[in-house]
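So you know, we letter chains A, B, ... as the sequences are listed, proteins then strands, and number each from 1. These numbers come from the heavy atoms of this one structure, side chains and all, not from hydrogens, waters or symmetry mates.
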There are 2 protein chains.
Amino acid sequence: MSPPPAPRKTVGRPPRFSRQEVVDTARRLVDAEGVDRLTMRRLAAEIGSTPMALYHHVRNKEELLVLLLDDYAGRTLRRRELPADPRERVLAAAEAIHRALADCPWIVEVLTADDLMATSALWYVEQIVDGLIACGLTPEQAVHGYRSLWYYTAGEIVVRATAARRRADSDRATYREQVFAGLDPAELPRLARLGARWADLTAEDTYPAGLRALLTGLLARGAG
Amino acid sequence: MSPPPAPRKTVGRPPRFSRQEVVDTARRLVDAEGVDRLTMRRLAAEIGSTPMALYHHVRNKEELLVLLLDDYAGRTLRRRELPADPRERVLAAAEAIHRALADCPWIVEVLTADDLMATSALWYVEQIVDGLIACGLTPEQAVHGYRSLWYYTAGEIVVRATAARRRADSDRATYREQVFAGLDPAELPRLARLGARWADLTAEDTYPAGLRALLTGLLARGAG
DNA sequence: ACCTGAACACCGTTCAAGT
DNA sequence: ACCTGAACACCGTTCAAGT
C-alpha cells in the first residue's frame, strides 16, 4: 500500500560515516585482532568517532555481528560451478558452506541460526534442496534433508572451533588423556581398549565421510 | 613415581566453603536467573564472600562453566536400560544425550567440545561405539561414526537454541518472511516456491529422522 | 592456606544536549 | 538527522595485604 519512503534530502546533519563503513571497519578489526577485540568503544575509536555514534547505524552489538557474518558470507560464498549430478551437487554445496565457515574462526561466537545462513547463502541452499529433489525426495523431505545437513555441518564447525580453542590449554588435553588412560575396562571396555588412540582418531577430519553417510541415509529414507 | 600428595592437615586457614559449594550455588543461580546472570561478583555475593575468594576454588570463569556442565551432565545423564538391539541402542543413547542437552537452555554459551561430554557422558559414548561395532563397523569406523552422530546432535542443539533466542526478536522473523516472500523464482525457484512454507517446515522437529538417516548411512558405508 | 579490599582496565547502553 | 560527553551499571582479574 504505502510507497517506499521518498529519499529525504538534506534534512538534518549529514552523516559522517555509513553503515557499510562500520561493517568494513569491524571486519578489518576482527581480521587483525580477533573477535574478542571487537567492542563498540574500540570500533568507534578506529572509525574516529564515539561509541554512541555507532548506535545510529546499528541497533546494538548483536546486529553488528549478524551484519558482519552476512558480509563475510556474501564475499566468500561466491557462486561457483557445481557438478551436474544431483548427489554430487548436494555434497559440493554443503562442502562449500562448510569450508567458508571453517575458514572463519570467529564464527562460533556469532553463532549460527539457520536464518542467518539463509540470507547470504541462499543460492547454496537452493542447490542443496534442488539436488535432493532431483535425487527423488519430495520438497518437504528435501527441506528436512537440508536441515539435517545443516545441523551436521554447524555441529562440526562448533565442535572443531571449541576443540581448537581448548587445545591452547594444554592442561585440558592432559586431563583427557588421563581420563582415557584410567578407564576401567570392566565398566567401559570399548573406550578403555581405544585408550590413547581416541585422541588420534578424533583428530582426523571426518567431515566429508560423515556428510556422505548422512546423504546416503537421507536418500535411502526418501526412496524407501 | 611420586606418590599422591599426603592430605595436609590444619595447615593455614580452614576453608569457608568448598569447590562443590561454588558449583552448587552457581547451578542454583543459573537455574533461577539464567546463565547471563552468572558472574563472579554475583556468585560471590550469593555465597556471602568476595569475588577473589572464588579464584581459590576455580581457576577462572571458564573452568567454572565447564564444572557446571559436567555437574549437570552427571546428574541428568543417569544410566538407563537401553534396547538390546545394537542399532536401537545407538539411537537411544544418542537421543538420551540430545534430550539432556536440549533441556539445558544455557548449554550453547558453555559450548560443547567433545571432550566435555566425554567426561560425564562416557557411558553413553561407550554404548554408541559398542553398538556401532556390534552393527559391523570396525573400532575406527565406530569412533568416526560416533563423532558424526555427535556433530549432528551438537549442531541441532546449537541451531535450535539460537533460533529460540532469536524468536524473541520478532523483527527478525518478519525479516526472514520478507526475504522468502520476495525471492525471485527465476533465480532460486525451489526456495521461491516453498515461500511461506519454509517457516513451518523448519519449525518441525526433525532430529530423530535425521539421526536415523545418518545412522543408516554410517552402517551402509561400514558394510559396503 | 585461605580470604579481603582496593584497584586496573575495561564493557554495552541510556540520556540530555549540541549542531 | 546525526553526533557528542558524561554517566550508569556493570564486568573478569591482579596485586598486596591480612589471619
| request: Tell me whether the OP1 or OP2 atom of C:dT13 has a side-chain N or O from A:Tyr55 closer than 4.0 Å. | output: yes

| message | Mind checking if B:Arg41 touches a base, just sugar-phosphate, or nothing, with heavy atoms under 4.0 Å? | response | base

| remark: Answer for the Watson-Crick or wobble partner of D:dT4, both distances under 3.5 Å, is C:dA16

| note | Heavy atoms of B:Ser148 and B:Leu214 approach each other most closely as O-CD2, 3.6 Å

| task | Go through D:dT13, C:dC3, C:dT13 for me and flag the one nearest to the B:Ala53 side chain. | result | C:dC3

| said: Reading DNA chain C from 5' onward, which residue's closest nucleotide shows up sooner: A:Arg37 or B:Arg16? | reply: B:Arg16

| message | Show the nearest heavy-atom pair for residues B:Ala142 and B:Leu132, with the distance to one decimal. | response | O-CD1, 3.4 Å

| query | On a whole-Å scale, what distance lies between the C1' atoms belonging to D:dC8 and C:dC11? | reply | 12 Å

| Minimum-distance nucleotide (side-chain atoms of B:Met52 versus D:dT14, C:dG12, D:dG12) | D:dT14

| field | Under 3.5 Å on both distances, the Watson-Crick or G-U partner of D:dA9 | value | none

| task | Rounded to the nearest 0.5 Å, what's the gap from CE on A:Met40 to OG1 on A:Thr50? Could you check? | result | 10.5 Å

| query | In whole angstroms, how far is the C1' atom of C:dC11 from the CG atom of A:Leu54? | reply | 14 Å

| task | Taking the side chain as every heavy atom from C-beta outward, state whether B:Leu54 and B:Leu64 have any atom pair closer than 4.5 Å. | result | no

| With rounding to whole Å, what would you report as the distance between D:dC2 and C:dA17 at their C1' atoms? | 13 Å

| Nucleotide nearest B:Pro15 when distance is taken to its side chain, options C:dC2, D:dT13, D:dC3 | C:dC2

